[in-house]
J.: 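Mind looking over this structure? Questions follow.
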Amino acid sequence: MNYWLFKSEPDAFSIDDLKQSKTTHWDGVRNYQARNMMRDDMKIGDLAFFYHSNTDVPGIVGVMKIVKEAYPDHTAFDPRDKHYDPKSDPDSPRWFMVNLRYLRKFRKVIPLGLLREFANDELANMPLLRKGNRLSVMPVTEKQWSFILTLCD
DNA sequence: GCCAACGTTGGC
DNA sequence: GCCAACGTTGGC
C-alpha cells in the first residue's frame with residue numbers, strides 16, 4: 001500500500017469539486033516523473049492527499065483513494081484541449097491518468113507553512129518541501145502520511 | 001505581479 | 001550530446 005500527494009489549483013479543480021463529483025479522472029499530467037508514478041506505481045486502494053496550489057493558503061486539504069489504475073489520458077488526443085499533445089496518439093499513448101475517489105475534507109487546511117516547520121524532522125526529504133519543487137504528483141512515505149494526519153483536527 | 005527554479009526544446 | 005533559450009509552475 002502506497003501513499004501519494006496530488007496538487008491542483010482550486011480555481012481549476014478543488015476538493016469541493018471532488019466532494020461533489022465523488023470520483024474523478026486525474027487528467028492533464030504532462031510530466032514524465034509524475035506519469036511514471038501514476039503508470040507504474042499507483043495501485044487500487046492507495047491513499048492520496050489533495051493539495052491546493054497557487055492559492056491564498058496553499059496546503060493539504062483532504063484525502064482521496066485510488067479506485068482505477070493508470071489508463072491513457074484521452075485529453076492528450078484532443079486538439080481543443082488545454083493539455084493537447086500532438087505527440088501522444090491512441091496507438092501509443094504518452095500520458096496516463098488514474099481515477100480517484102473522495103474520502104474526506106479536513107475541517108481546516110494544513111498549510112504549506114506549517115508543513116515546512118517539520119522539514120528537518122518528521123517531514124525530512126518530502127519532495128513537496130524541496131525548494132523549487134514542481135512535481136504535481138509525488139510519493140508520501142507511511143511515516144510522513146501518519147504524521148501529517150496528526151496535524152489536522 | 002514578480003521571480004526563482006525547473007523541464008523541455010532545438011540548434012549546433 | 002551540450003547547453004542556451006524558452007515556457008511553466010507556484011510561493012510569496
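Residue numbers begin at 1 in each chain, while the letters A, B, ... track the order of the sequences.
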J.: Would you indicate what A/R116 reaches in the nucleic acid, counting non-hydrogen atoms under 4.0 angstrom: base, sugar-phosphate, or nothing?
T.: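 A/R116: backbone/sugar contact only, no base atoms under 4.0 Å.
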
J.: Any idea which of B/dT8, C/dG11, B/dG7 is nearest the A/Y32 side chain?
T.: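 Of all the options, the side chain of A/Y32 is nearest to B/dT8.
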
J.: May I ask you to decide if the ring planes of A/F49 and A/W145 are parallel, tilted or perpendicular, using 30° and 60° as cut-offs?
T.: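 Parallel.
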
J.: Do NZ/NE/NH1/NH2 and the carboxylate oxygens of A/R94 and A/D89 come within less than 4.0 Å?
T.: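 Salt bridge between A/R94 and A/D89, a charged N being under 4.0 Å from a carboxylate O: no.
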
J.: So that I can tick it off, tell me whether A/D78 and A/R80 are bridged by a salt bridge, with the cut-off set at under 4.0 angstrom between side-chain N and carboxylate O.
T.: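 Salt bridge between A/R80 and A/D78, a charged N being under 4.0 Å from a carboxylate O: yes.
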
J.: Using whole Å, what does the distance between atom C1' of nucleotide B/dG7 and atom CZ of A/R130 come to?
T.: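 Going from A/R130 (CZ) to B/dG7 (C1'), I get 15 Å.
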
J.: Between A/D56 (CG) and C/dG10 (P), how many Å, whole number?
T.: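 About 16 Å, once rounded to whole Å.
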
J.: How many Å lie between NE2 on A/H83 and P on C/dG7, as a whole number?
T.: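 Distance check: A/H83 NE2 to C/dG7 P gives 18 Å.
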
J.: Taking only N and O in the side chain of A/Y51, is any of them less than 4.0 Å away from OP1 or OP2 of C/dT9?
T.: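 No, A/Y51 has no side-chain N/O under 4.0 Å of OP1/OP2 on C/dT9.
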
J.: If I take atom CZ in residue A/R35 and atom P in nucleotide B/dG7, what distance separates them, rounded to the nearest angstrom?
T.: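 In whole Å, B/dG7 P lies 15 Å from A/R35 CZ.
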
J.: Using a cut-off of strictly less than 4.0 Å, decide whether A/K87 has a side-chain nitrogen or oxygen near OP1 or OP2 of B/dT9.
T.: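 A/K87 to B/dT9 OP1/OP2: side-chain N or O found under 4.0 Å.
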
J.: Any ion pair linking A/D46 and A/K65 (charged N to carboxylate O, less than 4.0 Å)?
T.: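 Result for this pair is no, no salt bridge flagged.
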
J.: Could you tell me how far apart A/L129 (CG) and C/dT9 (P) are, to the nearest whole angstrom?
T.: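 In whole Å, C/dT9 P and A/L129 CG are 20 Å from each other.
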
J.: Of the options B/dG7, C/dG10, C/dG11, whose atoms approach the side-chain atoms of A/N31 most closely?
T.: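 The nucleotide sitting nearest to the side chain is B/dG7.
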
J.: Tell me the interatomic distance from A/D11, atom CG, to C/dG11, atom C1', rounded to whole angstroms.
T.: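 Those two atoms, CG and C1', are 15 Å apart.
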
J.: What is the separation between atom CG on A/L112 and atom P on C/dG10, rounded to the nearest whole Å?
T.: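 Rounded to the whole Å, the gap is 11 Å.
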
J.: Check the phosphate of C/dG10 against A/K7, side-chain N and O only, distance under 4.0 Å to OP1 or OP2. Yes or no?
T.: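 Checking A/K7 against C/dG10: at least one side-chain N or O falls below 4.0 Å of OP1 or OP2.
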
J.: Does A/K82 make a cation-pi contact with A/Y84 (under 6.0 Å, within 45 degrees of the axis)?
T.: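 Cation-pi check for A/K82 and A/Y84: fails.
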
J.: In this structure, how many angstroms lie between the P atom of C/dT9 and the CZ atom of A/F6, rounded?
T.: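 Between P of C/dT9 and CZ of A/F6: 17 Å.
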
J.: Can you figure out which of B/dT8, C/dG11, B/dA4 approaches the side chain of A/K131 most closely?
T.: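 Looking only at side-chain atoms, A/K131 lies closest to B/dA4.
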
